[in-house]
Amino acid sequence: MSTLLAGIDFDAPSEEVARLLIGVTLLVDGIGGRIVETEAYDREDPASHAFSGPTARNASMFGPAAHAYVYRSYGIHWCLNFVCREAGHGAGVLIRAIEPVQGLDAMRARRGLMDARLLCSGPGRVCQALAVTREHNGLSLAAPPFELLPRAGDVDVVAGPRIGISKAMDVPWRFGLRGSPHLSKPFRT
DNA sequence: CTTAGGATCGCCT
DNA sequence: GGCGATCCTAAGC
């Protein structure tokens, strides 16, 4: 079985989906841009919300693939994930940064900021710029307000350790577009 | 340039 | 009560 969207099989392992998502365009209500940074999380992963099994918060992570898992971070920010694998597995990809392309003015207004480099360079910033909230949790990525467009050409993907976690620090499941100025942090290479 | 603190929700022990 | 898959601002070197 496979859940195809934007040329990606979302039933694949999250580290594979995370790598393939680099260069894909993400729009929410027509506003967004190119994904330049992702992180993979899996059920067998001490750093993952899914590690300790389903809860009210992470329920959509155990739902069908190619759906959104949105959670509140530090009680303040929203963070957007794409669910992977078959329903019930509990895997996902955190969208950490995008290169703003569509709706720059709307994003600037929502973020209260002019600098394009800082508009979407972090998981909380992405959700603020694209106006993603709890209301998007559990929604399919194959239908409005979401839109995923396949990447145009080849991309140069870098991998490294994930950010902001205290477990499984050695797992290189952070992926990025090499040299992009829109990353939340540069990769050391 | 690096570090420190505050904001404040949901789940954990 | 503690601790995050964070971000912003301010202060220090």
Side-chain angles (χ1 to χ4, degrees), chain A residues 10 13-22 26 28 32-33 35-63 65 67-85 89-100 107-139 141 157-177 180-188:
Chain A
F10 279 77
S14 52
E15 66 270 29
E16 193 178 320
V17 176
R19 176 179 285 275
L20 293 172
L21 278 170
I22 302 299
L26 163 67
V28 180
I35 298 171
V36 297
E37 185 182 339
T38 60
E39 278 179 4
Y41 290 89
D42 191 75
R43 178 64 202 267
E44 316 297 326
D45 173 6
S48 173
H49 290 169
F51 184 65
S52 300
T55 65
R57 175 175 68 157
N58 67 18
S60 55
M61 221 177 162
F62 290 87
H67 284 233
Y69 162 47
V70 181
Y71 71 93
R72 219 210 255 276
S73 175
Y74 290 88
I76 301 172
H77 305 101
W78 298 104
C79 290
L80 171 65
N81 292 249
F82 293 174
V83 177
C84 301
R85 302 277 205 144
H89 183 93
V93 174
L94 173 67
I95 307 303
R96 284 197 57 89
I98 72 176
E99 171 188 336
M107 290 192 264
R108 283 197 258 256
R110 289 165 177 170
R111 298 264 303 119
L113 230 164
M114 292 310 283
D115 189 351
R117 289 168 66 103
L118 294 174
L119 270 186
C120 307
S121 56
R125 293 164 173 170
V126 168
C127 285
Q128 192 181 7
L130 304 207
V132 171
T133 68
R134 175 126 231 130
E135 296 178 9
H136 297 85
N137 187 36
L139 296 185
L141 301 173
V157 177
V158 216
R162 293 174 290 184
I163 292 180
I165 56 172
S166 57
K167 297 162 193 162
M169 316 268 297
D170 51 317
V171 182
W173 277 2
R174 175 180 178 235
F175 301 94
L177 179 63
S180 170
H182 301 279
L183 298 171
S184 65
K185 275 187 187 147
F187 284 77
R188 30 162 313 163

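Just so you know, these numbers use all the heavy atoms, side chains as well, and skip hydrogens, waters and symmetry mates. Throughout, a chain's letter reflects where its sequence line sits, starting with A, and its residues are numbered from 1. Every value quoted in this text rests on a predicted model; they were computed, and no experiment measured them.
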- Between dG10(B) atom P and Asn137(A) atom CG, what is the distance in whole Å? 12 Å
- Ile95(A) CD1 to dA5(C) P, straight-line distance once rounded to whole Å: 17 Å
- Task: For Glu37(A) and dC7(C), give me the distance from atom CD to atom P, rounded to whole Å.
- Result: 10 Å
- Arg96(A) has an atom CZ; how far is it from atom P of dT6(C), in whole Å? 6 Å
- Gap between atoms CH2 and C1', on Trp78(A) and dG10(B) respectively (whole Å): 11 Å
- Query: When rounded to the nearest Å, what value does the distance between P atoms of dT13(B) and dA5(C) take?
  - Reply: 14 Å
- Query: Crowded around Arg134(A) CZ? As in, over 12 foreign heavy atoms under 6.0 Å?
  - Reply: yes
- Message: From the set dT6(C), dC12(B), dC9(B), return the single nucleotide nearest to any side-chain atom of Arg72(A).
- Response: dC9(B)
- Message: Please determine whether a side-chain nitrogen or oxygen atom of His49(A) lies at a distance below 4.0 Å from atom OP1 or OP2 of dA5(C).
- Response: yes
- Starting at the 5' end of DNA chain C, which residue's closest nucleotide do you reach first, Gly124(A) or Ser166(A)? Ser166(A)
- Message: Please report the distance, rounded to the nearest Å, between CD in Glu15(A) and C1' in dA5(C).
- Response: 16 Å
- Message: Determine whether Phe10(A) and Leu21(A) satisfy the following criterion, side chain to side chain contact (heavy atoms under 4.5 Å, CB included), listing intermediate values before the conclusion.
- Response: CA-CA 10 Å; Phe10(A) 279 77; Leu21(A) 278 170; 4.2 Å; yes
- In whole angstrom, give the distance that lies between atom OH of Tyr74(A) and atom P of dG5(B). 15 Å
- Message: Rounded to whole Å, how long is the line connecting atom CZ of Phe51(A) with atom C1' of dG4(C)?
- Response: 16 Å
- Message: Would Arg174(A) and Ser184(A) count as a side chain to side chain contact (heavy atoms under 4.5 Å, CB included) here? Give the steps.
- Response: CA-CA 11 Å; Arg174(A) 175 180 178 235; Ser184(A) 65; 3.9 Å; yes
Give me, pair by pair, the N or O atoms of the protein and of nucleotides 8-13 of chain C that are less than 3.5 Å apart, along with how far apart they are.
{"residue": "dC8(C)", "atom": "OP1", "partner": "Arg111(A)", "partner atom": "NH1", "Å": "2.9"}
{"residue": "dC8(C)", "atom": "OP1", "partner": "Arg111(A)", "partner atom": "NH2", "Å": "2.9"}
{"residue": "dC8(C)", "atom": "OP2", "partner": "Arg125(A)", "partner atom": "NE", "Å": "2.9"}
{"residue": "dC8(C)", "atom": "OP2", "partner": "Arg125(A)", "partner atom": "NH2", "Å": "2.4"}

- Message: Please give me the minimum heavy-atom distance between His182(A) and Pro100(A), naming the atom from each residue.
- Response: ND1-CD, 3.6 Å
- Please examine the side chains of Arg162(A) and Asp45(A), heavy atoms only from C-beta on, and report whether any two atoms are closer than 4.5 Å. yes
- Query: So which heavy atom on Ala68(A) is nearest to which on Val83(A), and how close?
  - Reply: C-CG2, 4.3 Å
- Message: Nearest to the Ile165(A) side chain among dA5(C), dG4(C), dC11(B), which nucleotide is it?
- Response: dA5(C)
- Please determine, for the side chain of Thr55(A), which listed nucleotide (dA5(C), dC7(C), dC12(B)) has the closest atom? dC12(B)
- Query: Met61(A) side chain: which of dC11(B), dC7(C), dA5(C) is closest?
  - Reply: dA5(C)
- How many angstroms lie between NE2 in His67(A) and CZ in Phe82(A), if you round to the nearest 0.5 Å? 12.0 Å
- Item | Closest nucleotide among dC7(C), dT8(B), dA5(C) to the Ile76(A) side chain | dT8(B)
- What nucleotide, of dC11(B), dT8(B), dA5(C), holds the atom closest to the side chain of Ala56(A)? dC11(B)
- Message: Strictly by Watson-Crick or wobble contacts shorter than 3.5 Å, is anything paired with dG6(B), and which nucleotide is it?
- Response: dC7(C)
- Query: Of the nucleotides dA5(C), dC11(B), dA7(B), which has the atom closest to the Tyr69(A) side chain?
  - Reply: dA5(C)
- Item | Atom of Pro123(A), atom of Leu94(A) and distance for their closest heavy-atom approach | CB-CD1, 4.1 Å
- Query: With stacking defined as ring centroids separated by under 5.5 Å and planes differing by under 30°, is Tyr71(A) stacked against dA5(C)?
  - Reply: no
